[in-house]
*Asks:* 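Here you go, one structure.
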Amino acid sequence: MSMNKSNWKQGMSFSFITLIFGLMLAIQFRTIQEPIERDTRDMWQLREDLKREQQLQVDLLSEIRKNEELIDSYKEKENQNPETALNNTLQNLKQEAGLTDITGPGIIITIDQLFDDELLGTEVAHISPELLRRLINELNSYDADYISINNHRILHTTVIRDINGETKIDNFSLKDLPVEVKIISYNTDKLYSRINASTTDEDFAIDNLSLSISEPIKNITVPAYENSIRVKNMKPLNPKKGES
């Protein structure tokens, strides 16, 4: 009886060891079949990614500092004149929301047809929504502060889309050329040099469009946003009874 019990324990131990050994082999085989993916970016790509992350950090810190200064200023003015402080805050918010005209330094980009349609035997060129969005994203990456297209203000909520073969910004059509893009930037030199050094004009040339970039201009006016701004997922707070 004791012999059978001993044999049973030995069998269980052998089975357990075999199971562990099998799992180790399976894990090793899976590791061989699925090697660890390596970062294939070269040194220049890593430097560019690091530079972008550092710039993002600087921008965030600058935004935090600006908001802290605004809060301190509001508190100081509130103690002196609450009505003036509230009005100044309202004007700042309107400016941030794009509801006021802005005048400042910048450049003007004119988008026009590259070759005459009779020369190419094709229809008149038009700007696709994808190309326009790419240009706006690129300008924003070059420190563009305010943008308008054909005197229509561009906001974060602006919708650029194709409707029946016609590119529209919100409800405004861009079927006619040339198209004028005004950009205000408080870092105009960087904006001007970066946009001139980019290959954006080549992307437009594929669609038979040309980009003409002005020299930096001291004062450009970007108009206020004309449409009503729709705010989703927000509603006025109803104070509870007894609260002021």
Side-chain angles (χ1 to χ4, degrees), residues 52 55-56 58-67 69-71 74 86-111 126-164 166-188 190-192 194-195 198 200 203-204 209 211 213-214 216-237:
R52 280 194 293 268
Q55 184 60 46
L56 178 60
V58 170
D59 293 340
L60 290 174
L61 290 175
S62 177
E63 189 69 20
I64 292 172
R65 190 178 300 110
K66 182 176 69 174
N67 290 328
E69 291 175 354
L70 179 62
I71 292 173
Y74 178 75
L86 184 59
N87 183 63
N88 291 339
T89 302
L90 178 60
Q91 293 304 317
N92 289 334
L93 291 174
K94 283 185 176 181
Q95 180 174 323
E96 291 292 331
L99 300 179
T100 60
D101 294 350
I102 299 293
T103 299
I107 62 173
I108 296 177
I109 297 177
T110 303
I111 306 173
H126 72 281
I127 308 173
S128 67
E130 294 78 12
L131 201 57
L132 203 57
R133 284 194 291 265
R134 189 183 307 173
L135 174 62
I136 293 172
N137 290 336
E138 187 169 12
L139 291 173
N140 286 328
S141 69
Y142 297 157
D143 289 351
D145 292 295
Y146 307 100
I147 301 174
S148 70
I149 298 178
N150 279 1
N151 284 326
H152 299 300
R153 184 71 166 269
I154 303 299
L155 303 180
H156 295 295
T157 57
T158 297
V159 177
I160 303 175
R161 57 186 173 178
D162 183 290
I163 300 179
N164 297 326
E166 189 174 308
T167 298
K168 289 192 174 184
I169 298 178
D170 292 330
N171 295 322
F172 302 102
S173 174
L174 290 180
K175 63 179 180 180
D176 297 325
L177 294 174
V179 170
E180 187 177 70
V181 183
K182 294 181 180 179
I183 309 105
I184 290 178
S185 173
Y186 298 106
N187 196 352
T188 310
K190 175 184 176 181
L191 172 67
Y192 179 75
R194 293 291 296 275
I195 194 65
S198 72
T200 305
D203 297 331
F204 277 79
L209 295 168
L211 292 183
I213 305 168
S214 74
I217 302 172
K218 186 175 182 180
N219 285 316
I220 294 177
T221 298
V222 170
Y225 188 70
E226 299 178 4
N227 295 351
S228 59
I229 299 179
R230 298 180 180 180
V231 180
K232 297 181 179 179
N233 303 323
M234 293 179 65
K235 61 182 180 179
L237 175 64

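The figures that follow rest on heavy atoms only: side chains count, while hydrogens, waters and symmetry mates do not.
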*Asks:* For the residue pair Lys168 and Val159, establish whether any side-chain heavy-atom pair is separated by less than 4.5 Å.
*Replies:*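 No, every pair of side-chain atoms sits at 4.5 Å or beyond.
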*Asks:* If we only count heavy atoms from C-beta on, is the His126 to Leu174 side-chain gap below 4.5 Å?
*Replies:*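 They are not in contact (no side-chain heavy atoms under 4.5 Å apart), so the answer is no.
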*Asks:* If you compare all heavy atoms of Ile220 against all heavy atoms of Gly106, which two are closest, and at what distance to 0.1 Å?
*Replies:*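 For Ile220 versus Gly106, the nearest heavy atoms are CD1-C, 3.3 Å.
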*Asks:* Mind listing the closest non-hydrogen atom pair of Thr188 and Pro216 along with its distance?
*Replies:*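 Smallest interatomic distance, heavy atoms only, reads CG2-CB, 3.7 Å.
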*Asks:* Indicate the atoms forming the closest heavy-atom contact of Arg153 with Ile102, along with that distance.
*Replies:*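 That closest heavy-atom pairing would be NH2-CG1, 3.9 Å.
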*Asks:* When you look at Thr158 and Ile136, which way does the side chain to side chain contact (heavy atoms under 4.5 Å, CB included) test go after all the steps?
*Replies:* CA-CA 11 Å; Thr158 297; Ile136 293 172; over 6 Å; no
*Asks:* Drop me the distance from Ile127's CD1 to Lys175's NZ, to the nearest 0.5 angstrom.
*Replies:*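 It comes to 14.5 Å.
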*Asks:* How are the rings of Tyr146 and Tyr186 set relative to one another: parallel (under 30°), tilted (30 to 60°) or perpendicular (over 60°)?
*Replies:*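 Perpendicular.
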*Asks:* Between Pro178 and Thr110, which heavy-atom pair has the shortest distance, and what is it?
*Replies:*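 So the two residues come closest at CB-CG2, 3.8 Å.
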*Asks:* Mind listing the closest non-hydrogen atom pair of Ser214 and Ile217 along with its distance?
*Replies:*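 So the minimum-distance heavy-atom pair works out to OG-CD1, 3.8 Å.
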*Asks:* Rounded to the nearest 0.5 Å, what separation is found between the CG atom of Asn150 and the CG atom of Asp176?
*Replies:*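 Taking CG in Asn150 and CG in Asp176, the distance rounds to 9.0 Å.
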*Asks:* For a 4.5 angstrom cut-off between non-hydrogen side-chain atoms, does Leu211 reach Ile195?
*Replies:*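 The answer is no; the side chains never approach within 4.5 Å.
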*Asks:* Any side-chain heavy atom of Tyr142 within less than 4.5 Å of one from Ile183?
*Replies:*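 The answer is no; the side chains never approach within 4.5 Å.
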*Asks:* How about CZ on Arg133, more than 12 heavy atoms from neighbouring residues, nucleotides or ligands closer than 6.0 Å, or not?
*Replies:*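 Yes, enclosed.
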*Asks:* For residues Thr167 and Leu131, determine if any side-chain heavy atom of one lies less than 4.5 Å from a side-chain heavy atom of the other.
*Replies:*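 A side-chain contact is absent here, since even the closest heavy-atom pair is not under 4.5 Å.
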*Asks:* Looking at every heavy atom in both Leu209 and Leu177, which two are closest together, and how far apart are they?
*Replies:*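 Between these two residues, the closest heavy atoms are CD2-CD1, 3.8 Å.
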*Asks:* Would you give the length of the straight line joining atom CD1 of Ile109 to atom CD of Glu180, rounded to the nearest 0.5 angstrom?
*Replies:*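 Result: 10.5 Å between the selected atoms.
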*Asks:* I need the Asp162 CG to Leu132 CG distance, nearest 0.5 Å.
*Replies:*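 Rounded to the nearest 0.5 Å, the CG-CG separation comes out at 12.0 Å.
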*Asks:* Tyr225 pairs by side chain to side chain donor-acceptor pair (under 3.5 Å) with which of Asp170, Thr157, Thr100?
*Replies:*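 Single pass found, and it is Asp170.
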*Asks:* Is the shortest heavy-atom distance from the side chain of Ile111 to the side chain of Phe204 under 4.5 Å?
*Replies:*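 Yes; the side chains approach each other to less than 4.5 Å.
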*Asks:* Counting C-beta onward and ignoring hydrogens, is there a side-chain heavy-atom pair between Asp101 and Thr103 closer than 4.5 Å?
*Replies:*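 With C-beta onward as the side chain, the pair stays apart.
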*Asks:* Under a 3.5 Å distance rule, please check whether Ser185 uses its side chain to pair with a backbone N or O of Asp143 as donor and acceptor.
*Replies:*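 Checked: pair present.
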*Asks:* Quick check: do Asn140 and Ile147 have side-chain heavy atoms less than 4.5 Å from each other?
*Replies:*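 When only atoms from C-beta onward are counted, Ile147 and Asn140 do touch, with a gap below 4.5 Å.
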*Asks:* Measure the OG1-CZ distance between Thr200 and Arg134 for me, rounded to the nearest 0.5 Å.
*Replies:*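 Here the interatomic distance stands at 8.5 Å.
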